[in-house]
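Note sheet for the following structure.
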Amino acid sequence: MDTGTATGGNSGSVAVTTGGSTGGSGGAFSVTVGTGDSGTGGAITMSAGKAPVGGAVTITAGVGSTTSGGDLVLASGDGVSLSGAVSISSGDASTGRSGEVIIATGLSPGGKAGDISLTVGGTTSGVGGD
C-alpha cells in the first residue's frame, strides 16, 4: 500500500477502517506477521514521518460509551531462554530539551481511577529482573 511521493505539497494518506455497527460490536482490525521455525519471526514497524516537526504515533484504546474503556496492552514476547524487552523512552534532542515519558491512567469521575503496575519478570532458575 503506497500513496506515492509529492513534490511541493503533501503526500497522500492511507486509512484502513472497519465498519460501525448498530445493535452489535464494531469490527476488529488485526495485523499479523508470519512465524518461522528457524531464525527470527516477522517484525511489525510503525514509524511517523520525518519533517521539521516529526509526525506523531498515537495508539489509543477505545472509549467506553456506557461502561469500561478499552485496554492498551504492551507486552514483550515469551521466550525459552530470554523473553523480549519492553522499552519506553523519549527521543534525543541535539539542542534544547528532550521529550518526556508520561505514564498515566485515565480519569474516572464516577468510580475508581486505573492503577499503574510495574512488574519485573521471574525465573525458575537464575535471578529475576531488577
Side-chain angles (χ1 to χ4, degrees):
M1 208 178 316
D2 191 340
T3 64
T5 303
T7 303
N10 299 333
S11 65
S13 298
V14 174
V16 178
T17 307
T18 66
S21 173
T22 302
S25 298
F29 175 74
S30 177
V31 177
T32 305
V33 296
T35 60
D37 61 2
S38 66
T40 304
I44 296 175
T45 302
M46 289 191 301
S47 299
K50 178 182 177 181
V53 176
V57 175
T58 303
I59 302 172
T60 306
V63 174
S65 58
T66 59
T67 57
S68 300
D71 295 328
L72 175 62
V73 178
L74 293 176
S76 67
D78 294 338
V80 174
S81 61
L82 178 66
S83 66
V86 174
S87 176
I88 301 173
S89 63
S90 67
D92 296 333
S94 56
T95 62
R97 188 178 130 182
S98 67
E100 298 175 320
V101 174
I102 300 170
I103 300 174
T105 64
L107 174 68
S108 178
K112 180 182 181 288
D115 297 325
I116 295 177
S117 297
L118 297 176
T119 305
V120 298
T123 179
T124 57
S125 63
V127 179
D130 293 327

Exercise: identify the closest heavy-atom pair between Ala113 and Gly106: CB-O, 3.8 Å
Joint hydrophobic cluster, Met46 plus Leu72, side-chain heavy atoms closer than 4.5 Å: yes
Which donor-acceptor pairs under 3.5 Å do side chains of residues 60-70 form with protein atoms, sequence neighbours excluded?
none

Taking all non-hydrogen atoms of both residues into account, name the closest pair between Ala48 and Gly55 and its distance. CB-O, 3.0 Å
Mind checking side-chain hydrogen bond (donor to acceptor under 3.5 Å, both in side chains) for Lys112 and listing every partner two or more places apart, or none if nothing turns up? Asp115
How close do Ser98 and Ser90 get, counting heavy atoms only, and between which atoms? OG-OG, 4.1 Å
Measure the spacing between CD1 of Ile59 and CG of Leu74 and express it to the nearest 0.5 Å. 6.5 Å
If you look only at distance, which donor and acceptor atoms sit under 3.5 Å apart when one is on a side chain in residues 13-29 and the other is two or more places apart or in another chain?
residue, atom, partner, partner atom, Å
Thr18, OG1, Gly27, O, 3.2
Ser21, OG, Gly24, N, 3.3

Under 3.5 Å, sequence neighbours excluded: what are the donor-acceptor pairs made by side chains of residues 33-41?
none

Qualifying salt bridge (Lys or Arg N to Asp or Glu O under 4.0 Å) pairs, either residue in residues 96-106, two or more places apart: Arg97-Glu100
By side-chain contact (heavy atoms from CB on, under 4.5 Å), which residues pair with Val73, not counting sequence neighbours? Asp71, Ala75
